[in-house]
Amino acid sequence: MTTTPGLPSGIAHPFSPAGRIDPYPAYDWLRAHAPVHRDPMSGMWLVTSHADCVALLKDPAFSAAAGQRERARDDDLPVSMLTTDGADHARLRAPGALLLGPAALASVEDAVAADADAVLDRAARAGTLDDAVEQLGVPLATAVLGRLFGLGEDDWGTLAQLARAVSVNLDPLAPPPVARLGRAAMGELTRFLDAHAEQAPPSPLARLAADPRLTRQEMLGVLGLAVVGGWQPLAESIGNALYWLLPSPDARAALRSADAEGALTAMDELLRLEAPIPFTARVTLREATLPGGTIPAGQRVLAVLAAANRDPAVFTDPAEPVFDRTPNPHLAFGGGPHFCLAARLVRQAGALLLTRLVHRFPDANPGSSTPSWAPTLIPRRITGLSVELGADAGTGRCPVTGAGVGA
């Protein structure tokens, strides 16, 4: 068993109010001194090195299903990829590609590209954005999922409202009252999607709904998980990315000159630096040994992805953006059999909007307000990020994003 006393004086616990805003000093100390650490404050084990997180995410001794049950003991979670392991998880995951796989994204790429242009059109009329997440990230995430679900634009507002309400389900440390609210919101979202699945026009949702491999409830579980794991991470990733991108004219110029693969490479680096989902929960089904230590059976464990993503054993200059970093084995989308099915959606849609933005507004800069990191555990999100867009260079299709979200 590997355990240590608490963090040294002067380093805020990552779950404390100060640590939630800047958890990286604590993560750095834990990774260096106790990469497999039983945290006396939460009673959970914190796994912070890249090697340990990779091993944990692949090891069936660490149960994702049990990890989710632990976060809300007083109610049942809907059956989905998030609440199953092994063969059950694989059976649910395969049809999920009908909704979030390459063909599904390609089928909506032109419409989403037009939606991204519409988001930037509205931004151009404003000139200055008061909140980049609300004015860029949220409408893009809503449009992407609205297209995949075959929803009419009149329903996008309801989708966004419900998606925001269910985002609490991302947090494995949510207290029971908050978890109950998240469950209630998930019930509303499920009923909303169920009603639309009955009449969905040709769309990825319609193809998923017609798949005989899933029961109706299982299909709805896949849809709900797509919202939880796709809408909020995409919306927040736009703001988090702009926090790093906007202050650097050289980075913006490099993104403007990048090809499609270069744009995705840059997006990966932005996700590595500030992943909206900083950790994922597991429970040990039996005693499990990682490179950095052994964890007994029946323990609650967090794979701290944000700490692994800044491990100097893997990443040179881990706290700095290297926009052409290759390879980039970041864990922003987890790993192993539970690797996020929405990863392609977030990477491609994020690269689409950011590249279009720097082409259309080459002089975009941070606004006059001072952004701050929200005192929340999940998602990791920037608030109050204003943007001065500068001159509008026009809406012509740029060489990278002309092919749309599926590029």
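Heavy-atom neighbours of Tyr243 OH from other residues, nucleotides or ligands within 6.0 Å: at or below the threshold of 12.
Of all non-hydrogen atoms in Ala106 and Glu109, the two that sit nearest each other are O-CG, 3.2 Å. Closest approach of Leu357 to Ala364, counting heavy atoms only: CD2-CB, 4.2 Å. Val133 approaches Ala235 most closely through the heavy-atom pair CG1-O, 3.9 Å. Taking every heavy atom of both residues into account, Cys53 and Val47 meet most closely at SG-O, 3.3 Å. Scanning both residues, Arg93 and His338, for their nearest heavy atoms gives NH1-C, 4.2 Å. Of all heavy-atom pairs between Pro278 and Ile378, the closest is CD-CG1, 3.6 Å.
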Intermediate values then yes/no, salt bridge (charged side-chain N to carboxylate O under 4.0 Å, His left out), Glu134 and Arg164: CA-CA 11 Å; Glu134 291 299 320; Arg164 192 185 301 278; 3.2 Å; yes
Derivation and outcome, side-chain contact (heavy atoms from CB on, under 4.5 Å), residues Gln135 and Asp130: CA-CA 8 Å; Gln135 293 170 271; Asp130 297 321; 3.9 Å; yes
Residues Leu56, Trp45; criterion side-chain contact (heavy atoms from CB on, under 4.5 Å); working and verdict: CA-CA 12 Å; Leu56 181 160; Trp45 289 75; over 6 Å; no
Pair Arg191-Glu188, salt bridge (charged side-chain N to carboxylate O under 4.0 Å, His left out): steps then yes or no: CA-CA 5 Å; Arg191 289 188 289 274; Glu188 289 186 52; 5.3 Å; no
Residue pair Leu120, Leu136: steps toward the side-chain contact (heavy atoms from CB on, under 4.5 Å) verdict: CA-CA 8 Å; Leu120 294 177; Leu136 298 177; 4.1 Å; yes
Worked verdict on Val228 versus Leu189 for side-chain contact (heavy atoms from CB on, under 4.5 Å): CA-CA 10 Å; Val228 172; Leu189 176 67; 5.6 Å; no
Test side-chain hydrogen bond (donor to acceptor under 3.5 Å, both in side chains) applied to Arg282 and Thr280, step by step: CA-CA 7 Å; Arg282 300 287 190 269; Thr280 188; 3.2 Å; yes
Name every donor-acceptor pair, under 3.5 Å, that has one atom in a side chain of residues 14-21 and the other anywhere in the protein, sequence neighbours excluded.
unit_1, atom_1, unit_2, atom_2, d
Ser16, OG, His13, O, 2.7
Ser16, OG, Gly19, N, 3.1
Arg20, NE, Phe15, O, 2.9

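Between His50 and Phe315, the ring-plane angle classifies as perpendicular under the 30° and 60° cut-offs.
The pair Asp268-Arg325 does not count as a salt bridge, with every side-chain nitrogen at least 4.0 angstrom from each carboxylate oxygen. Between Arg300 and Asp39 there is no salt bridge, since no side-chain nitrogen of the basic residue lies less than 4.0 Å from a carboxylate oxygen of the acidic one.
A donor-acceptor contact shorter than 3.5 Å is absent between the side chain of Asn309 and the backbone of His330. At distances below 3.5 Å, at least one donor-acceptor pair connects side-chain atoms of Asp52 with backbone N or O atoms of Gly292. Checking side-chain atoms of Thr284 against main-chain N and O of Glu287 turns up no donor-acceptor pair under 3.5 Å. Although no hydrogens or angles enter the test, the distance criterion places no donor-acceptor pair under 3.5 Å between the side chain of Arg356 and the main chain of Asp117. Put simply, the side chain of Glu218 gets close to the backbone of Thr215: a donor and an acceptor are under 3.5 Å apart. Thr142 contributes no side-chain N or O that, together with a main-chain N or O of Pro139, makes up a donor-acceptor pair within less than 3.5 Å. Checking side-chain atoms of Glu388 against main-chain N and O of Asn365 turns up no donor-acceptor pair under 3.5 Å.
Contact annotation: the side chain of Glu261 approaches that of Leu264 to within less than 4.5 Å [non-hydrogen atoms, C-beta and beyond]. Within the 4.5 Å cutoff, the side chain of Phe149 has heavy atoms near those of the Val227 side chain. Residues Leu145 and Trp156 form no side-chain contact, since every pair of their non-hydrogen atoms from C-beta on lies 4.5 Å or further apart. Between Phe323 and Asp250 there is no side-chain heavy-atom pair separated by less than 4.5 Å. Inter-residue side-chain proximity for Val222 and Leu225 is flagged as unmet; no heavy-atom pair is nearer than 4.5 Å. Taking the side chain as every heavy atom from C-beta outward, Met219 and Asp211 never approach each other to under 4.5 Å. Inter-residue side-chain proximity for Trp373 and Thr383 is flagged as unmet; no heavy-atom pair is nearer than 4.5 Å. Between Thr265 and Asn328, the closest side-chain pair of non-hydrogen atoms is not below 4.5 Å.
Residue Leu331 holds its CG atom at 13.5 Å from CD1 of Ile277, rounded to the nearest 0.5 Å. Distance check: Leu162 CG to Leu159 CG gives 7.0 Å after rounding to the nearest 0.5 Å. In this structure, Leu220 CG and Asp194 CG are separated by 4.5 Å, a value rounded to the nearest 0.5 Å. Interatomic distance, CD of Glu236 versus CD1 of Ile382, reported as 10.0 Å (0.5 Å rounding). The CZ atom of Arg252 sits 13.0 Å away from the OG atom of Ser257 when rounded to the nearest 0.5 Å. Note: Leu273 CG to Glu320 CD = 8.0 Å, rounded to the nearest 0.5 Å.
With Tyr24 as the aromatic partner, Arg310 meets the cation-pi criteria of under 6.0 angstrom to the ring centre and within 45 degrees of the ring axis.
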